Number of protein chains: 2
Amino acid sequence: METIDLLMHHRSIRKFKEQPLTSEQVKTLVTAAQHASTSSYVQSYSIIGVTDPDLKAALREVSGQTYVEHNGHLFVFVVDFNRHHHLGHHFEQPVDDYFGSTESLLVGTVDASLAAQNMAVAAESIGLGICYIGSLRNDMKRVSELLKLPEYTYPLFGMVVGVPDQEGSQKERLPFDVVYHENEYQPFEYRHYEAYDNRVSRYYEERTNGKRNDAWSAQVIQMLNGKPRLDVHDVLQFKGFLKQ
Amino acid sequence: METIDLLMHHRSIRKFKEQPLTSEQVKTLVTAAQHASTSSYVQSYSIIGVTDPDLKAALREVSGQTYVEHNGHLFVFVVDFNRHHHLGHHFEQPVDDYFGSTESLLVGTVDASLAAQNMAVAAESIGLGICYIGSLRNDMKRVSELLKLPEYTYPLFGMVVGVPDQEGSQKERLPFDVVYHENEYQPFEYRHYEAYDNRVSRYYEERTNGKRNDAWSAQVIQMLNGKPRLDVHDVLQFKGFLKQ
């Protein structure tokens with residue numbers, strides 16, 4: 001049960017010691033990522049390791065998070081059908097029509113995410129901490145330019161990894177019964193969320209000495225209203241996706 | 001390094017003993033899944049456990065894979081913003097505009113995938129085998145109807161879990177150097193894929209006594225040409241997504 005214990009104790013780390021990962025650690029993490037399942041063996045992602053200080057500073061600006069600059073290593077997970085595009089042309093059987101389908105977006109996003117979560121688990125299993133950086137999608141165009149990402153690719157998220165310099169804390173997840181349904185979807189009823197909302201509210205109240213006490217519902221409503229990232233659609237189309 | 005060993009030894013299992021998971025195992029796997037990172041705490045997925053034999057048979061028909069019917073447990077991972085839709089209305093701050101953004105599709109797909117990969121790792125760590133079922137997207141409309149999935153949700157993939165009744169085999173992944181790039185994307189050159197293609201070809205030749213010897217490139221080109229799943233776009237729009 002050691003691995004399950006590890007999974008149950010995950011917490012995001014946002015402050016790291018100034019200790020870069022070794023190249024052996026990087027190789028282990030990437031290789032662990034690559035061993036995740038991949039849709040029909042398509043392997044539709046690349047991973048960019050960012051070590052250049054100027055580049056890290058520029059990506060920190062996109063994200064708005066200091067730990068994008070200060071960490072053990074910054075990985076950017078890129079959905080990547082560029083190699084399939086080139087292979088199709090190399091073998092004179094172009095497959096470029098496929099990339100415009102919404103299905104390709106799901107396949108690539110799932111492939112990259114499964115790989116990333118394997119990396120997260122691998123990192124935590126050797127005592128490192130991680131945090132996903134979805135905020136790189138604040139400006140996918142800029143990230144694509146900075147990392148020289150070609151057509152039929154897009155940056156999905158980053159992941160910072162390093163030696164933790166904080167405990168981190170774990171936020172309680174939704175009750176099992178509202179996430180797990182048997183045989184058919186169970187319609188929403190607020191009474192199933194009420195006690196959870198109250199517990200999350202108390203968690204913030206205790207952690208912030210009363211400065212903040214938003215329930216889970218309030219927090220996600222505010223988040224969803226504030227993060228439309230409406231340019232994602234145009235960037236994806238510009239990169240060769242979503243042509244349907 | 002026990003967990004990393006486990007990750008490195010992943011192989012998909014497509015034949016299971018007739019031994020259902022216990023409800024305790026199901027609870028452990030779902031809880032491990034829930035502990036994965038989630039974008040801004042949004043928790044935008046549900047997991048449907050399918051145990052009804054008729055329902056399993058119907059999903060097997062969509063997928064075309066016998067192991068969708070015969071396994072220890074069938075989970076369907078559903079991207080789920082329906083609860084956020086209802087919470088928005090409950091608190092008189094509707095957030096429905098957000099769901100139409102392409103960003104919501106990425107957030108939900110990533111959230112569900114990270115959870116699923118945690119479940120996969122948890123299952124393998126206790127000696128169970130797993131296989132992702134992307135082929136449920138052969139007919140997302142039918143799957144949605146079968147599982148009574150409401151608006152602002154979609155079935156992303158399934159996962160079968162159970163006691164393995166086969167060894168499974170591991171397909172070699174792409175070379176580290178074509179997947180991992182440092183600081184900037186390295187343009188495609190076929191010579192970096194050639195030796196890999198040859199190794200994959202030999203792997204199939206040995207495994208099938210010469211009946212099959214397709215290289216990785218040939219295999220993915222054929223796959224991408226054969227699996228357009230062009231209805232995914234319409235189903236997602238029908239469910240309230242991709243309105244941009």
Side-chain angles (χ1 to χ4, degrees), chain A residues 3-4 7-8 10 30 32 34-35 37 39-43 46-50 52 55 83-84 86-88 90 93 95 98 101-103 109-110 113-114 117-118 121-122 125 132 134 147-149 173-174 179-185 188 190 217 220-221 223-225 228-229 232-233 244, chain B residues 3-4 7-8 10 30 32 34-35 37 39-40 42-43 46-50 52 55 83-84 86-88 90 93 95 98 101-103 109-110 113-114 117-118 121-122 125 132 134 147-149 171 173-174 179-185 188 190 217 220-221 223-225 228-229 232-233 244:
Chain A
T3 299
I4 289 179
L7 299 176
M8 301 293 195
H10 161 71
V30 171
Q34 288 191 262
H35 278 80
S37 291
S39 176
S40 304
Y41 205 14
V42 71
Q43 304 181 80
S46 279
I47 302 171
I48 320 276
V50 185
D52 179 80
L55 209 44
R83 62 170 70 93
H84 309 81
H86 281 294
L87 286 167
H90 182 84
Q93 296 172 66
V95 290
Y98 171 81
S101 70
T102 301
E103 165 71 0
T109 301
V110 170
S113 301
L114 303 188
Q117 187 56 16
N118 253 20
V121 172
S125 80
Y132 280 89
L147 304 179
K148 299 195 169 47
L149 301 184
R173 296 314 198 227
L174 282 168
V179 169
Y180 185 70
H181 311 238
E182 212 165 296
N183 291 313
E184 60 182 64
Y185 191 93
F188 175 91
Y190 183 62
S217 298
V220 296
I221 287 170
M223 190 281 287
L224 295 175
N225 273 323
R229 292 179 183 151
V232 165
H233 192 79
Q244 282 188 282
Chain B
T3 298
I4 289 179
L7 299 175
M8 301 293 194
H10 161 71
V30 170
Q34 288 191 263
H35 278 80
S37 292
S39 176
S40 304
V42 71
Q43 306 182 79
S46 279
I47 302 171
I48 320 277
V50 184
D52 179 81
L55 209 44
R83 63 171 69 93
H84 308 82
H86 281 294
L87 286 167
H90 182 85
Q93 297 172 65
V95 290
Y98 171 81
S101 71
T102 301
E103 165 70 0
T109 302
V110 170
S113 301
L114 302 188
Q117 188 56 17
N118 253 21
V121 172
S125 80
Y132 280 89
L147 303 179
K148 299 195 169 49
L149 302 182
K171 284 182 284 189
R173 297 312 197 228
L174 282 169
V179 169
Y180 185 69
H181 311 238
E182 214 165 293
N183 291 314
E184 60 183 64
Y185 190 93
F188 176 90
Y190 183 63
S217 298
V220 294
I221 287 169
M223 189 280 288
L224 294 175
N225 274 322
R229 291 179 184 151
V232 165
H233 191 79
Q244 283 188 280

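Every chain is numbered from 1, with letters handed out A, B, ... down the list of sequences. Quick caveat, the model's predicted, so the values are computed rather than measured.
Tyr185(B) has its side chain out of reach of Leu147(A): every pair of non-hydrogen atoms, C-beta onward, lies at least 4.5 Å apart.
When each of Val220(A), Leu114(A), Val121(A) is scored by its heavy-atom pairs under 4.5 Å with chain B, the top score falls to Leu114(A). Contact count against chain A (heavy-atom pairs under 4.5 Å) is highest for Val179(B) among Val179(B), Asn225(B), Val50(B), Val30(B). When each of Lys148(B), Arg229(B), His10(B), His181(B) is checked for heavy-atom pairs under 4.5 Å with chain A, His181(B) comes out on top. Most heavy-atom pairs under 4.5 Å with chain B: of the set Ile48(A), Val232(A), Val42(A), this distinction falls to Ile48(A). Taking chain B as the reference chain and counting heavy-atom pairs below 4.5 Å, the highest number among Gly134(A), Pro228(A), Gly49(A) is found for Gly49(A).
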Might you work through the side chain to side chain contact (heavy atoms under 4.5 Å, CB included) test for Tyr132(A) and Val110(B), ending with a clear yes or no? CA-CA 11 Å; Tyr132(A) 280 89; Val110(B) 170; 5.6 Å; no

Walk me through it: do Gln93(A) and Ile221(B) pass the test side chain to side chain contact (heavy atoms under 4.5 Å, CB included)? CA-CA 7 Å; Gln93(A) 296 172 66; Ile221(B) 287 169; 3.7 Å; yes

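Side-chain contact check for Gln117(A) and Asn118(B): at least one donor-acceptor pair (N or O, by modelled atom type) lies under 3.5 Å. A donor-acceptor pair shorter than 3.5 Å cannot be found between the side chains of Thr109(B) and Thr109(A). If you check the side chains of Ser101(B) and His233(A), you find no donor sitting under 3.5 Å from an acceptor.
Of the atoms belonging to Tyr180(B), heavy atoms from both backbone and side chain fall under 4.5 Å from chain A. The contact between His90(B) and chain A is made entirely by side chain atoms (from C-beta outward), counting heavy-atom distances below 4.5 Å. Within the 4.5 angstrom heavy-atom criterion, atoms from both the backbone and the side chain of Leu87(B) approach chain A.
A distance of 5.5 Å separates OH of Tyr98(B) from CE of Met223(A), quoted to the nearest 0.5 Å. The CD1 atom of Ile47(A) sits 13.0 Å away from the CD atom of Glu182(B) when rounded to the nearest 0.5 Å. Annotation: the span from Ser217(A) atom OG to Arg83(B) atom CZ amounts to 10.5 Å, rounded to 0.5 Å. We find the CE-NE2 distance between Met8(B) and His35(A) to be 6.5 Å, quoted to the nearest 0.5 Å. Atom CG of Leu224(B) and atom NE2 of His84(A) lie 6.0 Å apart (nearest 0.5 Å).
Scanning all heavy atoms of the two residues, the minimum distance from Leu174(B) to Gln43(A) falls at N-OE1, 2.8 Å. Minimum interatomic distance between Ser125(A) and Thr3(B) (heavy atoms only, all atoms of both residues): CB-CB, 3.6 Å.
Of the possible polar contacts, one joining the Asn183(A) side chain to the Asp52(B) backbone as a donor-acceptor pair under 3.5 Å is found. At least one donor-acceptor pair closer than 3.5 Å links the side chain of Arg173(B) to the backbone N or O of Gln34(A).
With Tyr41(A) as the aromatic partner, Lys171(B) meets the cation-pi criteria of under 6.0 angstrom to the ring centre and within 45 degrees of the ring axis.
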